[in-house]
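The analysis underlying the following values was restricted to heavy atoms, covering all of them including side chains, and did not include hydrogens, waters or symmetry mates. Quick caveat, the model's predicted, so the values are computed rather than measured. Residue numbers start from 1 in every chain, and the chains themselves are labelled A, B, ... in the order their sequence lines are given, proteins ahead of strands.
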Amino acid sequence: MQQELIDIGLDFETYYDADYSLKKMENAQYVMDGRFESMGFSLKLPGQKAVWITGDYEHQKRALAAIPWQRVRVVSHNARFDGSILEWRFGFKPAAYLCTMVGSRPHYVPLTGSASLDSISQHLKLQAKGTAVYKMVGKHRTDLSKLETEEYGAYCVVDTENACDIAASLIQILPLEEQELIDLTLKKYLRPRLKLDGHKLMARITALDHERGAMLQQILTRYGVDEATLRSRPKFADVLTKRGVSLPMKPTKPTKKNPLGGQTYAFAKDDMGFKELLIHPDPAVRELCNAKLTMSSSLEQSRLRRLLDLHNTMNGFLPVPMVYYGAHTGRFSGDEAINLQNLPRVERDKQTKEIRKGHLRFALTAQPGYSVIAADFSNIEARIVATLARQTDLVTGFRNSEDIYSKFATSVYGYPVNKKDHETERFVGKTCILGLGYGMGWRKFLLKMLQSGIAMDEKEAKRIVYLYRNTYSCIPDLWKALDQLAAKFLIDPQGMYEWRNLIFASERIILPNGMPIQYPDIANGPQGLYFRSRKYRALDDGEGLNWEDGARIWGGGFCENIAQALARIIATRAELRLHRLGLDAVLQAHDELVFHVPTETVDICKRAIEFEMIRPVDWMPELPIAVEIKHGPSYGDAK
DNA sequence: GTGCGGGGCGCG
DNA sequence: AAAGCGCGCCCCGCAC
């Protein structure tokens, strides 16, 4: 289908000034703002030079109307921007998009550290077309002289030519399915279907403001401690010191500025020292620490504000901003200050069924006559690890829908554990199955248990961790195998080795769909392998990698990266197949697909979704897959 | 005023 | 040696 489309380069130039710009606001707010003005755009038709078109709105619209959009794939560097102008401002809907900015993420961005048009063009050694940035701050189209208009157009045309050159490279290396995923990702944003419930958002903002205001007032009157003091770590430390409390401390991570690391206050909700203060004999200390904890979490408040703002901007519709290949493993990431992949989960009170957490999810609603369906893969990564390791008893257990968590907990405790009667034991089993598969050590495991309020000592933590590694011994073997493959082939410029549908090559692992997980500059260092991870990209000085600037990686880490990447391929393949059946996901959260369907079709849609999601994987046919599918009038109700 | 990094917290 | 890992956003403190 993609081949039949005509690729057309498109780049809008728009008004901006000191206050009104994409630096100051998110894309949706910028494009829908009253100050928005399209100054003009450049278009590049196949085999022709890009042309600059400018004039008033009607003139631009007439020019755009001449394009047969139903047969066009729009090529842009940052298509979320150009697409939202084309669709929301001018009302034209092309058949597809190819965004060269996100399309550059899998192969180029890990090496360049930047997805800008300039750095990608340079990286590809595209013919220099001039890179002078044309400043047009605070000028409207009618403010420009004839000469200025021409120079502006010339600048815009160059950008479009560059973007089209990048696209020519990308279509050589991105499989068609990945190109299609870029398009589907953009359409989740450009053609929103989920709605935001403005009343619910406002009601929750009011309730939360009231709750927090009352608490802050109480702290201020009782202890003379204000909000700023609660928010500041040093100021809060002073308050505790004045009350004779010895401050809980913890080591900081070594940084460039402070290579040896240091000490800092242990004031986080999971710090043991801080937890002790929550049960301190002095009720004032307890209350102050609880207040600090409350003020530490601002996600719900800030997200409510952002969503309400978006609700007002978009007439109640929710554009879903996702970044294609946001993670180097291929996972998508969120964007535009609303990250829909980390909304608090729904939690209800066991007795009263009252909603305790996850209110935000109930504000994401279906249109009238429609329902939201949420479909989750069940522990897909753990299943992939078991399959990859050829830990056959574990794979069989998953295939037979056994309660794996309870089963391992039974080994741990020596008596039969079940989901109903042994909540704590099963939780321990679950943590083991989900966490220990990636090589977690007993120290971190012990910490995690203590943080979850489960009493445990060093000896017991060691016993459980080694029991796991003995019970599922193929999994530590897998870490070792991956370590050896990496040490041999990833650091060798000519390295290339095929292993279980993966190819270990120079500085990358190639996945069954042909896409890479990249480990730029991977090399042996003082403590094993290091590579320039996303976090350290900016530190590239062209002199190779300093060990202290790199991220350490080993077998357990490769195991996790590969499992994550394979799970992503499985989820997106299912999404693509469902798209071809006319079922487009409106949202994606790693192992979860969300759909918006007419309510009378919910049952048949659920059957189709299950059928496609559990379909065996051609490159891992022995992988047992299971899904859980729910529906309701809102995202919260479907969870 | 703005940019940046670390701590913190939410999800998978 | 076996060391869980992948994101984005808010806030504070600090450098520029």
Checklist entry - When all nucleic acid strands are considered with a 4.0 Å heavy-atom cut-off, which category describes A/Lys448: base, sugar-phosphate, or nothing? => result base
Checklist outcome for this item: For residues 433-449 of chain A, the side-chain hydrogen bond (donor to acceptor under 3.5 Å, both in side chains) pairs (sequence neighbours left out) are A/Glu381-A/Tyr438
Item to check | Side-chain N or O of A/Ser333 closer than 4.0 Å to phosphate OP1/OP2 of C/dG8 | outcome: yes
Checklist entry - How close or far is atom C1' of C/dC10 from atom CZ of A/Arg305, stated in whole angstroms? => result 9 Å
Checklist entry - Does a side-chain N-to-carboxylate-O contact under 4.0 Å join A/Arg80 and A/Glu336? => result yes
Next on the checklist: I'd like to know if A/Glu460 pairs up with A/Arg463 as an ion pair, taking the criterion as any Lys NZ or Arg NE/NH1/NH2 lying under 4.0 Å from an Asp or Glu carboxylate oxygen.
Outcome noted: yes
Item to check | Presence of A/Lys480 side-chain N/O under 4.0 Å of C/dA1 phosphate oxygens OP1/OP2 | outcome: no
Checklist entry - For A/Phe332, which contact category applies under a 4.0 Å heavy-atom criterion: base, sugar-phosphate, or nothing? => result nothing
Item to check | Of the listed nucleotides C/dG8, C/dA1, C/dC7, the one nearest the side chain of A/Asn339 | outcome: C/dG8
Item to check | Distance, rounded to the nearest Å, where A/Asp271 contributes CG and B/dG8 contributes P | outcome: 6 Å
Next on the checklist: Let's see if you can work this out: which of B/dG8, B/dG10, C/dG4 has an atom nearest to the side-chain heavy atoms of A/Lys444?
Outcome noted: C/dG4
Checklist entry - What nucleotide, of C/dC11, C/dC5, B/dG8, holds the atom closest to the side chain of A/Trp554? => result C/dC5
Item to check | Sugar-phosphate only, base, or nothing, as touched by A/Pro234 at under 4.0 Å among non-hydrogen atoms | outcome: sugar-phosphate
Checklist outcome for this item: Which of C/dA1, B/dT2, C/dC10 is nearest the side chain of A/Lys24? It is B/dT2
Checklist entry - When you check the phosphate oxygens OP1 and OP2 of B/dC9, does a side-chain N or O of A/Lys292 lie under 4.0 Å from one of them? => result no
Checklist outcome for this item: Winner on side-chain proximity to A/Thr252, out of B/dG7, B/dG10, B/dC9, is B/dG7
Checklist entry - Across the strands shown, which category fits A/Arg568 at heavy-atom distances under 4.0 angstrom: base, sugar-phosphate, nothing? => result nothing
Next on the checklist: Please check this pair: side chain of A/Asn379 against backbone of A/Ala382, looking for a donor-acceptor N/O pair closer than 3.5 Å.
Outcome noted: no
Checklist entry - Relative to the 5' end of DNA chain C, which residue comes earlier, A/Gly557 or A/Trp479, by the nucleotide with the nearest heavy atom? => result A/Trp479
Checklist entry - Closest to the A/Ala337 side chain: B/dC11, C/dC11, C/dC9? => result C/dC9
Checklist entry - Does A/Arg231 place a side-chain N or O at less than 4.0 Å from the phosphate oxygens OP1/OP2 of B/dG8? => result no
Item to check | Under 4.0 angstrom between A/Arg469 side-chain N/O and C/dA3 OP1 or OP2 | outcome: yes
Item to check | Closest nucleotide among B/dG8, C/dA1, C/dG4 to the A/Gln527 side chain | outcome: C/dA1
Checklist entry - Partners of A/Lys462 by salt bridge (charged side-chain N to carboxylate O under 4.0 Å, His left out), sequence neighbours excluded? => result A/Glu458
Checklist entry - Counting side-chain heavy atoms from C-beta on, which of B/dC9, C/dG4, B/dG8 comes nearest to A/Phe267? => result B/dG8
Next on the checklist: Measuring to OP1 and OP2 of B/dG3, would you say a side-chain N or O of A/Lys23 lies under 4.0 angstrom away?
Outcome noted: no
Checklist entry - Could you state the CG-P distance from A/Asp270 to B/dG10, rounded to the nearest angstrom? => result 8 Å
Checklist entry - Should A/Asn342 be listed as having a side-chain N or O under 4.0 Å from OP1 or OP2 of C/dC9? => result no
Item to check | For atom CG of A/Leu436 and atom P of C/dA3, their distance in whole Å | outcome: 11 Å
Checklist entry - So what does A/Gly556 hit on the nucleic acid, given a heavy-atom distance under 4.0 Å: a base, only sugar-phosphate, or nothing? => result nothing
Checklist entry - Which atoms form the tightest heavy-atom contact between A/Trp479 and A/Cys559, and what is the distance? => result CD1-CB, 4.0 Å
Checklist entry - Would one find a side-chain N or O of A/Ser297 under 4.0 angstrom from OP1 or OP2 of B/dG10? => result yes
Checklist entry - Counting side-chain heavy atoms from CB outward, which of C/dG4, B/dG8, C/dC11 is closest to A/Met440? => result C/dG4
Item to check | Pair of N/O donor and acceptor under 3.5 Å linking C/dA3 base with A/Arg552 side chain | outcome: yes
Checklist entry - What's the CG-C1' distance between A/Leu299 and B/dG7, to the nearest Å? => result 16 Å
Checklist outcome for this item: Here the distance between atom P of C/dC9 and atom CZ of A/Arg306, to the nearest Å, is 9 Å
Next on the checklist: Tell me if the aromatic rings of A/Phe408 and A/Tyr472 count as close, with their centers under 6.0 Å from one another.
Outcome noted: yes
Checklist entry - Counting any heavy atom closer than 4.0 Å, what does A/Asp335 reach on the DNA or RNA strands: base, sugar-phosphate only, or nothing? => result sugar-phosphate
Checklist entry - When you measure from the side chain of A/Ser473 to the backbone N and O of A/Arg469, does any donor-acceptor pair fall under 3.5 Å? => result no
Checklist entry - Are any of A/Ser232's side-chain N or O atoms less than 4.0 Å away from OP1 or OP2 of C/dG13? => result yes
Checklist entry - Is the distance from OP1 or OP2 of B/dC11 to the nearest side-chain N or O of A/Lys357 less than 4.0 Å? => result yes
Checklist entry - So, A/Gln518 side chain and A/His328 main chain: donor-acceptor pair closer than 3.5 Å or not? => result no
Next on the checklist: I need the minimum non-hydrogen distance between A/His590 and A/Phe332, along with the two atoms involved.
Outcome noted: CE1-O, 3.5 Å
Next on the checklist: Using OP1 and OP2 only, check whether a side-chain N or O of A/His590 sits under 4.0 Å from B/dC11.
Outcome noted: no
Checklist entry - Quick one: A/Leu529 CG to C/dA3 P, roughly how many Å, whole number? => result 16 Å
Item to check | Contiguous Watson-Crick or G-U pair runs (3 or more, under 3.5 Å) in DNA chain C | outcome: B:1-12 with C:5-16
Item to check | Protein-nucleotide distance (A/Leu343, atom CG; C/dG8, atom P), rounded to Å | outcome: 15 Å
Checklist entry - So what does A/Glu336 touch, heavy atoms closer than 4.0 Å: a base, only the sugar-phosphate, or nothing? => result sugar-phosphate
